[in-house]
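Here's the structure, in structure tokens; my notes come after.
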Number of protein chains: 2
Amino acid sequence: MNRTNDGMGGAQQGANLLALRSHNTALVLDLLRTAGADGISRLELAERTGLTPQAVSKITARLREDGLAADAGRRASTGGKPRTVLRLVPEAGHAVGVHLDRDETRAVLADLDGTVVARRRAPLDLGAGAEAVLAGVAGVVEALRGDGAGARTPLGVGVALPGPLDHRRGVLHRVTGFPEWDGFPLRDALAEVLGVPVVVDKDTNAAALGLAVGGEGGSFAYLHLGTGLGAGLVIGGSVHRGPRTAAGEFGHQVVQLDGPPCGCGDRGCVEALCLGAVARGEVGEAARVLGAGAANLVGLLDIDRILLGGRTVEADSAAFVRGVRAVLDARAERTGDRAVPVRLAPGGTFGVAEGAAQLVLAPVFGRGDA
Amino acid sequence: MNRTNDGMGGAQQGANLLALRSHNTALVLDLLRTAGADGISRLELAERTGLTPQAVSKITARLREDGLAADAGRRASTGGKPRTVLRLVPEAGHAVGVHLDRDETRAVLADLDGTVVARRRAPLDLGAGAEAVLAGVAGVVEALRGDGAGARTPLGVGVALPGPLDHRRGVLHRVTGFPEWDGFPLRDALAEVLGVPVVVDKDTNAAALGLAVGGEGGSFAYLHLGTGLGAGLVIGGSVHRGPRTAAGEFGHQVVQLDGPPCGCGDRGCVEALCLGAVARGEVGEAARVLGAGAANLVGLLDIDRILLGGRTVEADSAAFVRGVRAVLDARAERTGDRAVPVRLAPGGTFGVAEGAAQLVLAPVFGRGDA
DNA sequence: CCACTTTCGCAACGCTGTTGCCAAAGTGCA
DNA sequence: TGCACTTTGGCAACAGCGTTGCGAAAGTGG
């Protein structure tokens with residue numbers, strides 16, 4: 001059962017039978033999604049969830065009635081009746097993911113299992129005022145709904161954008177260079193225009209969620225090095241946002257006391273050191289600094305994996321992966337533990353937009369705190 | 001409902017009616033515990049949990065039958081029948097908390113609401129071999145059982161000790177200076193000797209759990225500066241241990257790239273810098289370094305509070321609190337957010353032992369992952 | 001062809017929280 | 001003092017959850 005572990009200091013919620021059903025249904029749906037086109041049998045679902053086979057049968061019967069699950073052939077017999085394999089019906093629901101980047105809007109229409117059905121991109125000018133931006137986003141969303149084979153209304157729209165914001169209330173806090181957006185209730189304003197539920201989150205969190213749902217299990221940190229440096233933290237399968245959606249401020253971790261000044265006003269931040277090294281052409285040094293920050297993170301949170309992404313990393317990904325890995329390997333040698341793996345995060349241009357779609361889809365599968 | 005958020009990469013667990021009942025019962029017990037001697041009414045319990053009043057009535061009726069809850073008078077009427085106030089019966093259960101420190105064993109017997117009923121201390125020599133140490137601990141536990149008014153068997157024994165270990169399996173990994181303890185299955189060995197369940201954890205985690213249960217809500221970090229530097233992280237009310245119980249390695253966060261060497265083999269660790277400054281008599285500088293580490297932590301995890309403890313801090317607590325607070329205040333001024341409060345953690349000599357007792361008690365109230 | 005294994009749905013069941021109702025226990029006004 | 005009203009909280013009936021017992025379905029293997 002689920003306790004929102006994302007910083008709420010408030011009272012824990014009691015659970016009734018409806019909550020019980022939702023929980024178990026979401027669990028089964030998540031396993032169906034993970035199994036993909038191969039499908040999964042009822043008995044396997046029972047084993048994985050700890051529920052009795054009969055309970056699984058009832059839950060899957062409901063899912064089949066609702067059109068969310070369907071038969072997908074049968075396995076080879078092991079001496080008795082062969083298991084019937086079930087699979088998720090991806091077309092049963094769609095979500096739109098929107099990535100508001102500095103100067104461009106990128107958006108995808110994804111089906112239930114996260115497969116991208118359609119993409120759109122459009123120029124973005126945050127200085128044009130709220131109305132124009134909202135209209136632009138609405139236009140892209142409408143266009144995607146037209147692209148989608150099924151003309152059904154999407155379950156919702158997820159919006160990812162840089163900068164601090166309030167995930168819970170859906171309110172922006174500060175958008176660099178555009179103070180007029182401070183305190184703008186993006187979620188509610190957009191929901192009004194679009195007529196469907198809207199979820200907003202930081203771009204790094206959306207990216208991390210996309211990775212988590214896309215198969216990265218356990219706990220990991222997604223370090224994004226582009227024009228800035230940020231992180232999305234996934235702990236035990238859920239994105240850790242903190243009560244103010246302020247977690248993941250990785251770029252301004254100080255790793256060099258009294259070091260060179262950073263744009264944030266502090267000195268010796270990872271971001272300043274890292275980007276400074278890149279500017280000087282010292283990618284190895286940049287990777288070493290990034291690795292030091294990553295090692296701090298690993299020591300503090302005991303996470304399983306480090307994933308690197310962002311345009312600056314992708315420009316010389318081998319060097320970055322190698323450099324960060326070297327620091328973590330050295331750390332592992334000192335502590336005697338197994339080294340924490342470092343990998344390049346899959347993603348591409350629409351990675352954040354896909355993650356944004358998961359802001360809507362993930363709750364269906366019992367992930368996230370919506 | 002509760003998802004173990006503590007790093008398990010494995011499958012989420014399905015929930016049945018028994019789990020539902022346990023969850024809601026634990027929720028109610030936790031509210032009763034928090035209310036203390038003042039008690040809390042059924043309707044208030046219903047509001048706080050989101051359960052219907054009737055459900056709360058059924059749950060509390062069971063608790064009263066089991067002797068865990070009892071009437072505690074009634075509130076003033078607001079124009080109708082006055083609310084009956086319920087309270088936890090602390091004597092309904094006890095737990096032993098044991099703190100294995102470098103050279104001393106400190107142990108407490110605590111009742112259900114965490115009140116210490118009896119204390120014991122005994123010399124400890126980890127070099128004397130497993131059998132002698134186990135016998136020593138068993139002796140202390142037996143003595144405490146004698147001290148307790150009720151001669152009933154305690155619910156369990158919580159053991160806190162420094163150094164890396166496996167909380168889930170209860171196996172020690174490395175005990176500094178005593179390699180013979182590597183891989184020792186302390187939990188099972190002690191459980192066999194004592195005949196009651198045993199839980200083991202790092203000392204910093206036990207301390208943090210004690211604080212969390214003792215009323216520190218939300219998310220916070222407990223920074224312990226003694227002969228070393230470690231941290232206990234509480235996120236959303238639960239201790240974050242990580243899948244390998246390796247989280248909270250705060251002392252070896254690097255805040256000074258290529259800085260002075262640390263005993264761990266790395267350079268520029270908070271611990272080395274901090275303790276070095278203390279050794280030079282520069283408490284202000286030590287606090288500044290500690291504050292930098294704390295600020296990193298706040299930025300990364302978006303926690304609500306920093307609590308300081310440990311012998312070195314207590315030796316000049318005002319200076320440490322002031323120094324750390326200054327760094328965090330400066331950070332808040334830069335980001336424009338509210339400053340993260342810094343306080344001295346309550347605790348004292350038996351603080352960790354009390355937290356260790358909570359390793360056993362907390363699961364009763366739906367906290368922790370046992 | 002038949003015994004055996006394995007899957008999986010139907011039906012009855014126990015237990016959960018929920019709803020409808022009413023007794024209990026106060027306040028406050030006439 | 002009495003009566004109307006408010007509020008609490010238990011009893012009983014209920015809907016819905018996962019569980020259990022059992023049997024039909026659908027294979028394998030001799």
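The chains referred to below are lettered A, B, ... by the order of the sequence lines, with proteins before strands, and numbering in each begins at 1. No hydrogens, no waters, no symmetry mates; every other heavy atom, side chains included, goes into these values.
In terms of phosphate contacts, B:Asn24 brings no side-chain nitrogen or oxygen within less than 4.0 Å of OP1 or OP2 of C:dT16. Phosphate contact (OP1/OP2 of C:dT18, side-chain N/O of B:Thr52, threshold under 4.0 Å): present.
Of the possible polar contacts, none joining the B:Ser219 side chain to the B:Asp304 backbone as a donor-acceptor pair under 3.5 Å is found. Under a 3.5 Å cut-off, the side chain of A:Asn16 and the backbone N or O of B:Leu51 do not form any donor-acceptor pair. No donor-acceptor distance shorter than 3.5 angstrom exists from the side chain of A:His167 to the backbone of A:Gly242, with no hydrogens or angles considered. A:His94 places no side-chain N or O within 3.5 Å of a backbone atom of A:Arg145 that could act as its donor or acceptor partner.
Heavy-atom minimum distance, A:Tyr222 versus A:Ala208: CB-CB, 4.3 Å.
The distance from atom CG of B:Leu86 to atom CG of B:Leu63, rounded to the nearest 0.5 Å, is 9.0 Å. The distance from atom CG of A:Leu233 to atom CZ of A:Arg241, rounded to the nearest 0.5 Å, is 11.0 Å.
Under the 4.5 Å side-chain criterion, counting only non-hydrogen atoms from C-beta, A:Thr60 is not in contact with A:Lys58.
The stretch residues 53-75 of chain A touches DNA chain C through A:Gln54, A:Ser57, each having a heavy atom under 4.0 angstrom from the strand. If you check residues 80-88 of chain B against DNA chain C, the residues with a heavy atom closer than 4.0 Å are B:Gly80, B:Lys81, B:Pro82, listed by number.
Comparing A:Leu17 and A:Leu43, the nucleotide of DNA chain C nearest to each residue sits closer to the 5' end for A:Leu43.
Among the heavy atoms of the strands, none lies under 4.0 Å from A:Leu18.
In this structure, CD of B:Glu47 is placed 13 Å from C1' of D:dT8, rounded to the nearest angstrom. When rounded to the nearest whole Å, the span between CZ of A:Arg42 and C1' of D:dA25 equals 13 Å. Rounded to whole Å, atom P of C:dG17 lies 17 Å from atom CZ of A:Arg21. Computed from coordinates, the B:Asn16 CG to D:dG16 C1' distance equals 15 Å when rounded to whole Å.
Other residues, nucleotides and ligands contribute at most 12 non-hydrogen atoms within 6.0 Å of the CZ atom of B:Arg169.
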